[in-house]
Amino acid sequence: MVWAILSLLVENKPGILFKVTHLFRSKNFNIDSISVGVTQNPEFSKITITTIGDEKQIAQIVKQLDKMIDTIEVKQLDEKKTVYRELVIFRIKLSKASDSMEISNIANAFGAKIHDARKDSIMLELTATPDQINNLQELLKPYEILDIARTGVAALQRAGD
Amino acid sequence: MQTMSGAKALIKALEKQGVKEIFGLPGGANLPMYDELFKSNIRHILVRHEQSAAHMADGFGRVSRRAGVCFATSGPGATNIVTGLATAQADSAPMVAITGQVPLSMIGRDAFQESDIIGIANPIVKYSYQPTTAAEIPEVVKKGFYIAETGRPGAVLIDIPKDVQQNDAEIPFPDEVKIRGYHPWSDPDVVAIEKAISLLLSSTRPVILAGGGVIISSAFAELQSIAELLMIPVVSTFKGKGAFPENHPLSLGPIGMHGHAEANKIMSEADCVLAIGTRFSDRSVGRFDEFERNLKIIHLDVDPAEIGKNQSASVAVVGDVKASLRIFLRLLAQKALKKSEQNVWLQHVTEVKDYWRANLKLHPGELTAAKILRKLREVMPAESIVTTEVGQHQMWASLFYDVIHPGTFFSSTGLGTMGWGFPAAIGAKAARPDLPVVDIAGDGSFNMTENSLATAVLENLPVIVFLVNNYTLGMVAQWQRTFYDRRMIGVDQKHCPDYVKLAESYGAQGIRVGSLDELGHAIKAGLKSDVATVIDIPIDPEEDVLPFVAPGTSLKDMILPS
Ligand SMILES: Cc1ncc(C[n+]2csc(CCOP(=O)(O)OP(=O)(O)O)c2C)c(N)n1
């Protein structure tokens, strides 16, 4: 099984995201994460999808996406040649007096920002790779995670690669 | 640019597209377009159920290779065509369906007769679009036809809100359309074709597997030249039945679940298969893993996503199969080929074929499937068009009705839609009024869309319904006999309706036959008739289709007649 980052350039028209996600459903593939946004050209949107599958399955889903009439370009990005990031926001419960300090230390170690610090809870924001986010989440587990929001991966291939 | 309503723009755009007939049924949400249709020279063919409109458009499209067009109103009209869209798409048939929709301002409010047909149909069409301004309509229509007819053809749905049909606008009619994300063809890779040729020539037990793609791209002559030049036996998928003349000495007929014994035998002995325009459906190859074993596959297809989807290929050539086969032939001609007519493999193939054809055990009795279908073949002119329904009769047609003129046999092979064949035959007749058209039907299937008799009679589209009547949902009954220890449930159709009276009540001709002679006369009467003819042919309800490859098993393990 491999983890793949797919980058799709699509027509910026209503209903396209539905068609893309539906393709995954109808072919019985899973979407790990998805992010969408308009590009520098308002006629196009970029959709970044991460998915897990064997190589044959990934090759097939790339072909099926490519075949879609509203997709202009479909690329499987090489992880090593790509900048890929995800944004996460956690709300953590503060139960003991020491929690706040400990969580700040963890946040600092990850380069996460602190928001909305209150007496009984605190918010952390991090932009990082999904792995780093998972690591942070692991470390936060001993404290109670009250809420979490992840954006899905956005990715761009490095110039020259 | 002219100012006109969206509905008028639609009809004008269809006229510019060369549309001459539309199959449909009106309602509130598509009345503006019907009113414009009234003023145009396009022929409207009224159906009694929208499912049949879609199947007629599908049949028209498969025969003419131009998209057939159907109209339906919003809500229930639109949902009634869903089976037709899925059927056409599953068999890569070109079709454009145009539905009315509630006005834009009502969408999303659960308005009367509102359904999100775009959302419902998305996974079963090649493309769907809902224009939101009248000015867009001609461009959408042009794109729709282009998408439906090119590359791997398919079904396109255009859903037009009622106010968009009614609104006046300055309407441009583009001569050309650009679709950035759609590239229906790529040029076949010559190097890959060279590799394919060497692989094929180095094999000792080669077979050509012809799929529906050969029929879609009309690559009949190219296929036949290659087969004859290299003296390679030809099997087909069921969808590819009739891609190669079935009375040709190199022809073995369809492989698969209900394939010919000799075709399945030879297929499972082959060491190299030249697969042309096929998606390797499970019905054709049985178990994928078994099929691949010891077999080099050369796969030619217009759709790149088919390469490696079900079956991995040793060599793949993406491109229109006719274009690919032409290059194939050109490169072959440059090679000095040794005459291979007398090779061991071909001798073996002929022996296997002769053995199975001679030893085919048939059901005893006068009106048996084999006899009646061979009679049909004998009496019908060679170039006749055949459609089928779905069930045992369909598989008997596969086994006992030889297609002589390539590309004259059509069936719902992808979705397997009962009720497809009769309306599709009517659509085929509309496309080719000069040719005899016959629907090989089962009683259960015919029962599903028999109300299309009204259309056939009133619209003067005389087709023959060759009703292989076992008074049962025969194929299901056969599975219950074979796999469920004869626990028969939900299959008995008794003697209801009386199909002769039914035909007569619509003003069609109904003939029941009791012998092969009578059958011959009835077919001739059908050929001469200027109304549709239903020939009711009672057969033994217990007759099975054999050979049979049970689901999930491989071709070599087929069940043979005992
Ligand atoms: C719309 C639809 N419903 C159900 C089926 C499942 N099915 C496949 S074959 C068959 C029986 C067909 O009966 P009939 O048309 O009488 O043909 P026969 O097998 O008797 O020749 C059924 C119910 C189907 N293919 N299509």
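Per chain, numbering begins at 1; letters A, B, ... match sequence-line order. This one's a predicted model, so the numbers in the text were calculated from it and none came from an experiment.
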Student: What closest approach, in Å, do A:Lys67 and B:Asp303 show between heavy atoms, and which atom pair accounts for it?
Tutor: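 Answer, listing the atom of A:Lys67 first, then B:Asp303: NZ-OD2, 2.5 Å.
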Student: Using non-hydrogen atoms and a 4.5 Å limit, figure out which bit of A:Glu11 sits close to chain B: side chain, backbone, both or neither.
Tutor: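 Just its side chain gets close to chain B.
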Student: Looking at every non-hydrogen atom in both residues, tell me the closest pair between A:Ile72 and B:Arg180 and how far apart they are.
Tutor: CD1-CB, 3.6 Å
Student: Can any side-chain N or O of A:Gln60 pair as donor or acceptor with the backbone N or O of B:Gly308 at less than 3.5 Å?
Tutor: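 Flag not set: sc A:Gln60 to bb B:Gly308 has no pair under 3.5 Å.
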Student: Are A:Lys63 and B:Glu306 close enough for a salt bridge, meaning some N to O gap below 4.0 Å?
Tutor: no
Student: Would you mind checking which part of B:Ile307 comes under 4.5 Å of any heavy atom in chain A, side chain (CB onward), backbone (N, CA, C, O), both or neither?
Tutor: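 B:Ile307 touches chain A through backbone and side-chain heavy atoms alike.
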Student: More than 12 heavy atoms of other residues, nucleotides or ligands under 6.0 Å from NZ of B:Lys296: is that the case?
Tutor: no
Student: Working to the nearest 0.5 angstrom, can you tell me the gap between B:Ile118 CD1 and A:Lys19 NZ?
Tutor: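 Nearest 0.5 Å value for the CD1-NZ distance: 7.0 Å.
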Student: So, taking the atom named CD1 in B:Ile147 and the one named CD1 in A:Ile69, what distance separates them when rounded to the nearest 0.5 Å?
Tutor: 4.0 Å
Student: When you compare the side chain of A:Lys56 with that of B:Ser312, does any pair of heavy atoms fall below 4.5 Å?
Tutor: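 Yes. Closest side-chain heavy atoms under 4.5 Å.
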Student: Side chains of B:Tyr182 and A:Asp70: donor-acceptor distance under 3.5 Å anywhere?
Tutor: no
Student: Heavy-atom distances under 4.5 Å only: say whether B:Ser128 touches chain A with side chain, backbone, both or neither.
Tutor: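 When you check distances to chain A, atoms from both the backbone and side chain of B:Ser128 fall under 4.5 Å.
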Student: Between CZ of A:Phe18 and CG of B:Asp116, what distance do you get to the nearest 0.5 Å?
Tutor: 7.0 Å
Student: With a sphere of 6.0 Å drawn around CG of B:Asp187, does it hold more than 12 non-hydrogen atoms of other residues, nucleotides or ligands?
Tutor: no
Student: Would you indicate whether A:Asn28, at its atom CG, is surrounded by more than 12 heavy atoms from other residues, nucleotides or ligands within a distance under 6.0 Å?
Tutor: no
Student: Select, from B:Arg152, B:Lys143, B:Lys309, B:Gln130, the one with the greatest count of heavy-atom pairs under 4.5 Å involving chain A.
Tutor: B:Lys309
Student: For chain B, find which of A:Lys13, A:Met68, A:His22 contributes the most heavy-atom pairs closer than 4.5 angstrom.
Tutor: A:His22
Student: Would you give the length of the straight line joining atom CG of B:Asn122 to atom OG of A:Ser26, rounded to the nearest 0.5 angstrom?
Tutor: 8.0 Å
Student: Using a 6.0 Å cut-off, check whether atom CG of A:Asn105 has over 12 heavy atoms from anything other than its own residue.
Tutor: yes
